[in-house]
There are 2 protein chains.
Amino acid sequence: MTKRQATQEPCPVMRTVDLVGDRWTLLILRDAFDGPCRFSQLQRSLGIAKNILSDRLAGLVDAGILTTEPAADSSAYQAYALTDKGRDLFDVIIALRQWGEQYAFDPGEEYRPLIDQTTGEPLRHVAFTREDGSAVQPSETTLGELRPIGAAAR
Amino acid sequence: MTKRQATQEPCPVMRTVDLVGDRWTLLILRDAFDGPCRFSQLQRSLGIAKNILSDRLAGLVDAGILTTEPAADSSAYQAYALTDKGRDLFDVIIALRQWGEQYAFDPGEEYRPLIDQTTGEPLRHVAFTREDGSAVQPSETTLGELRPIGAAAR
DNA sequence: CCGTATCCATTCCGATACTG
DNA sequence: CAGTATCGGAATGGATACGG
């Protein structure tokens with residue numbers, strides 16, 4: 001399964017995985033949610049090789065998930081910032097984070113929490129809910145037939 | 001950054017990505033949410049090489065995300081089913097799916113929706129909400145200091 | 001400071017063959 | 001059917017050197 005083939009598949013999960021589903025890309029996005037990032041800043045934060053970072057950033061910009069903008073701190077250089085499309089990946093990052101907090105640490109181990117600024121406390125126990133506020137359970141869902149993306153009955 | 005190094009990192013996102021953040025693993029999980037899967041079933045569905053599938057399944061079982069259980073249809077063979085730990089990855093898959101539906105298809109392209117059986121309609125517009133029902137925005141969050149996972153003040 | 005280009009080691013992946 | 005073993009090619013990753 002190559003990158004090009006995955007783009008033909010009708011499964012939304014596979015298409016998304018194809019765009020952002022590798023170790024470095026997801027971690028770049030994690031950092032990007034803190035605000036616009038400089039190249040060297042990302043490199044230090046992630047411990048990634050420069051050529052790989054360059055490659056991933058180019059891919060994200062190409063996909064319309066990141067944009068380059070003038071860096072805030074004087075210099076003539078650029079910073080990488082999320083587009084609206086990129087910002088909508090927030091749920092993906094949050095979902096990964098929450099699962100990790102619950103299952104990927106031993107008791108007493110240190111972790112870096114995400115703070116909810118409206119409460120000042122770590123963000124916890126958020127869940128996917130329908131518009132009526134009810135949580136969606138895996139057992140309540142099933143895969144449907146193929147249908148056009150833009151169809152009226154949604 | 002090797003697999004072993006990532007397991008030392010304090011970032012929950014990285015730890016989760018380290019366990020399930022590759023193309024095949026996420027797609028195996030996607031299928032697993034439809035119910036227990038046989039080996040050959042996964043292989044056909046994903047178009048994955050048998051040795052790779054074998055490797056990924058072993059990793060998921062090892063991580064406690066999948067278990068083997070007797071296959072439903074008579075045979076002496078096994079099926080791979082989600083554990084509770086695995087079922088809690090539902091939010092991750094949903095988040096990937098939703099983003100893909102919104103951004104990874106051209107208008108009119110066909111996609112395979114996830115049906116909400118409580119309504120019979122495709123699942124749409126679910127969002128991460130706090131316990132009070134309010135949606136969490138990226139701009140409302142910030143990374144906190146390192147702290148123990150099991151600490152009281154949470 | 002921000003990347004690109006190159007080299008080399010490692011890993012990943014798919015195809016095939018083989019075993020119980 | 002459910003894997004394991006092996007092999008070659010492709011992609012990935014890190015280090016370094018180099019140019020804007």
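In what follows, chains are A, B, ... by sequence order, proteins preceding strands, each numbered from 1.
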| Partners meeting salt bridge (Lys or Arg N to Asp or Glu O under 4.0 Å) with A:Asp84 (sequence neighbours left out) | A:Arg87

| What pairs with B:Asp62 under side chain to side chain donor-acceptor pair (under 3.5 Å), at least two apart in sequence or on another chain? | none

| task | From the options D:dA15, D:dG3, C:dG14, select the nucleotide whose nearest atom is closest to the side chain of B:Tyr80. | result | D:dG3

| task | Return one dot-bracket line describing DNA chain C 5' to 3' (Watson-Crick or G-U wobble pairs, both distances under 3.5 Å; ( ) same strand, [ ] crossing, | another strand, . none). | result | |.||||||||||||||||||

| request: Give the rounded distance in Å between these two atoms: CD1 of B:Ile28 and P of D:dG3. | output: 12 Å

| field | Value in whole Å for how far the P atom of C:dG3 lies from CG of A:Leu60 | value | 14 Å

| message | Starting the side chain at C-beta, find the nucleotide from C:dG14, D:dG13, D:dA2 nearest to B:Arg38. | response | D:dA2

| query | Can you check the B:Arg23 CZ to D:dA10 P distance for me, whole Å? | reply | 17 Å

| task | Would you mind reading off the distance between B:Arg44 atom CZ and D:dA2 atom P, rounded to a whole angstrom? | result | 9 Å

| With B:Asp88, which residues qualify under salt bridge (Lys or Arg N to Asp or Glu O under 4.0 Å), at least two apart? | none

| said: Using OP1 and OP2 only, check whether a side-chain N or O of A:Trp24 sits under 4.0 Å from D:dA11. | reply: no

| Got a salt bridge between B:Arg15 and A:Glu109, using NZ or NE/NH1/NH2 to carboxylate O under 4.0 Å? | yes

| query | Just to confirm, is there a sub-4.0 Å distance from OP1 or OP2 of C:dC1 to any side-chain nitrogen or oxygen of A:Ser40? | reply | no

Which atoms of nucleotides 4-7 of chain D (N or O only) lie under 3.5 Å from a protein N or O atom, and what are those distances?
unit_1, atom_1, unit_2, atom_2, d
D:dT4, OP2, B:Ser54, OG, 2.2
D:dT6, O4, B:Asn51, ND2, 2.8

| Pairwise ring pair (Phe, Tyr, Trp, His ring centres under 6.0 Å) hits with a residue in residues 81-100 of chain B, at least two apart | B:Phe33-B:Phe90, B:Trp99-B:Tyr103

| request: Return each pair, listed once, that meets ring pair (Phe, Tyr, Trp, His ring centres under 6.0 Å) where at least one residue sits in residues 130-149 of chain A; pairs must be two or more places apart or across chains. | output: none

| field | Nearest to side-chain heavy atoms of B:Ala49, which nucleotide of C:dC12, C:dG14, D:dA15 | value | C:dG14

| Atom CZ of A:Arg56 to atom P of D:dA11: distance rounded to whole Å? | 12 Å

| query | Is B:Thr129 close to A:Phe128 at the side-chain level, that is, under 4.5 Å between some pair of heavy atoms? | reply | no

Review item, side-chain donor-acceptor pairs of residues 39-58 of chain B, under 3.5 Å, at least two apart:
unit_1, atom_1, unit_2, atom_2, d
B:Gln41, OE1, B:Arg38, N, 2.8
B:Ser45, OG, B:Asp31, OD2, 2.6
B:Arg56, NE, B:Asp22, OD2, 3.0

| query | In whole angstrom, what separates B:Gln41's CD from D:dA2's P? | reply | 9 Å

| Whole-Å distance between C:dT6 C1' and A:Ile52 CD1? | 13 Å

| message | For A:Glu110, give me all partners under side chain to side chain contact (heavy atoms under 4.5 Å, CB included), at least two apart in sequence or on another chain. | response | B:Leu146

| query | Just how far, in rounded Å, is P of C:dC2 from OH of A:Tyr77? | reply | 7 Å

